[in-house]
Amino acid sequence: MSAPEPRTILAGHLRPGHHGPAERTGATLRERRAALLELSARRGRAGDVAAFLREAAGLDLPPPGRAISGAEAAALWIAPATVLLVGAAAALEPVRARVPREIATALDQSFGYAILRLAGAAARAVLAKGCRVDLDPGAFAPGQVARTIVAQVPTILHQADAAPTFELIVPASLARSFADFLIEAAAEFGCAVEPAIGRDPG
Amino acid sequence: MLLVTCPHCGARPEIEFRYGGEAHIARPADPSALDDRQWAEFLYFRSNPKGVYAERWNHAHGCGRWFNALRDTASDAFLATYPAGQQRPDLGGGR
Ligand SMILES: [Zn+2]
């Protein structure tokens with residue numbers, strides 16, 4: 001049987017390769033394929049959503065500007081009483097199916113956004129070309145989330161680890177030009193584009 | 001770079017925000033009871049001070065929430081920000 005046609009917007013666009021000086025790799029860029037589930041608590045029901053999330057996904061409701069990562073998914077704070085769950089479709093689909101509609105709305109955003117991972121010693125310098133949020137280690141640390149604008153594109157920015165690795169979640173319709181911006185911005189430091197990780201959420 | 005402190009997200013760059021005009025203007029409870037002059041005053045007349053101004057801002061490219069700010073229109077300094085629905089804070093010194 002042949003492999004199914006990949007369906008994410010970046011499949012076929014973000015090709016593995018090296019940009020800029022061949023002897024240096026200041027940044028690595030790759031697509032992460034994952035499911036996205038947005039949960040928004042109805043008025044006064046944030047406590048119920050926190051209890052549901054703990055029971056259904058083993059995750060606490062993140063405080064403002066933070067992410068809480070579990071074994072199978074991460075919960076990102078994106079607005080008051082609103083979280084974005086990022087993880088494998090196999091982990092998130094059962095959560096989506098069980099959300100009590102009287103406590104929250106549940107939106108499958110898997111194909112509404114694309115996820116890019118930018119990592120490496122030059123990652124902060126690359127992002128500084130398009131992002132005005134202070135990403136200095138003293139101001140922005142692993143586990144922090146900011147919804148902001150990067151290179152004119154509305155972006156959910158999540159620092160995943162201290163490498164540093166930044167996860168950039170952008171509208172799918174802008175993801176190709178956004179990836180091109182990142183490659184262009186990273187080329188002077190040496191930019192390795194690596195194969196996608198994760199599984200197609202479809 | 002001008003930083004605006006969203007009550008939910010903290011200090012963030014100005015480009016994430018959208019301006020929403022003067023704050024604390026209540027919509028008349030019974031618009032049909034107003035004459036044209038009173039309705040025009042509700043719609044169009046603003047205090048427009050040189051100095052401290054209470055105004056609405058929207059964190060459009062952040063959390064999406066509306067909030068209020070006290071800004072000095074002469075210096076452009078943000079003196080306070082506070083969630084929508086809260087009373088205008090007292091800055092002291094008659095401001
Ligand atoms: Zn905000």
Side-chain angles (χ1 to χ4, degrees), chain A residues 38-44 46 49 61-67 75-84 105 107 109 112-113 124 127-136 138-141 143-159 168-171 173-174 178, chain B residues 1-29 31 52-91:
Chain A
E38 183 178 327
L39 295 184
S40 191
R42 298 192 191 280
R43 190 181 293 271
V49 172
L61 201 62
R66 308 290 308 188
L76 278 53
W77 183 96
I78 55 169
T82 304
V83 291
L84 185 67
T105 55
L107 280 178
Q109 297 275 26
Y113 291 91
R124 290 188 182 92
L127 287 174
K129 295 185 188 185
C131 172
R132 301 187 197 200
V133 171
D134 186 358
L135 299 178
D136 183 89
F140 204 87
Q144 268 182 268
V145 176
R147 209 168 170 180
T148 185
I149 292 173
V150 180
Q152 325 300 334
V153 174
T155 303
I156 298 165
L157 177 72
H158 168 215
Q159 186 173 343
L168 303 141
I169 306 175
V170 296
S173 58
L174 301 170
F178 186 77
Chain B
M1 181 166 68
L2 179 62
L3 294 175
V4 179
T5 302
C6 169
H8 307 289
C9 303
R12 302 291 283 274
E14 178 196 9
I15 54 158
E16 295 179 13
F17 296 87
R18 236 175 257 154
Y19 182 67
E22 187 166 8
H24 306 298
I25 294 175
R27 184 182 170 83
V52 183
Y53 195 34
E55 49 196 20
R56 305 169 73 223
W57 284 81
N58 179 233
H59 195 186
H61 292 293
C63 65
R65 291 297 193 274
W66 285 94
F67 62 94
N68 294 332
L70 295 182
R71 184 176 62 93
D72 188 319
T73 58
S75 66
D76 211 19
F78 279 78
L79 305 169
T81 52
Y82 50 104
Q86 274 190 16
Q87 279 201 334
R88 176 180 174 146
D90 183 8
L91 296 173

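All chains are named by letter (A, B, ...) in the order of the sequence lines, taking the proteins before the strands, and each is independently numbered beginning at 1.
The two residues A/Ala146 and B/Arg12 come nearest to each other via the heavy atoms CB-NH2, 3.6 Å. The two residues A/Ala79 and B/Cys63 come nearest to each other via the heavy atoms CB-O, 3.4 Å. B/His8 and A/Pro64 get closest at one heavy-atom pair: O-CB, 3.7 Å.
Using modelled atom types, no side-chain atom of A/Arg147 and backbone atom of B/Cys9 make a donor-acceptor pair closer than 3.5 Å.
Partners of B/Ala77 by side chain to side chain contact (heavy atoms under 4.5 Å, CB included), not counting sequence neighbours, listed by chain and number: B/Ser75, B/Leu79. By the side-chain hydrogen bond (donor to acceptor under 3.5 Å, both in side chains) test, A/Asp136 is found to be paired with no residue, residues two or more places apart in sequence or in another chain being considered. With sequence neighbours excluded, the residues that form a side-chain hydrogen bond (donor to acceptor under 3.5 Å, both in side chains) with B/Trp57 are B/Glu55.
Within residues 13-27 of chain B, the residues that have a heavy atom under 4.5 Å from a heavy atom of chain A are B/Pro13, B/Ile15, B/Glu16, listed by number.
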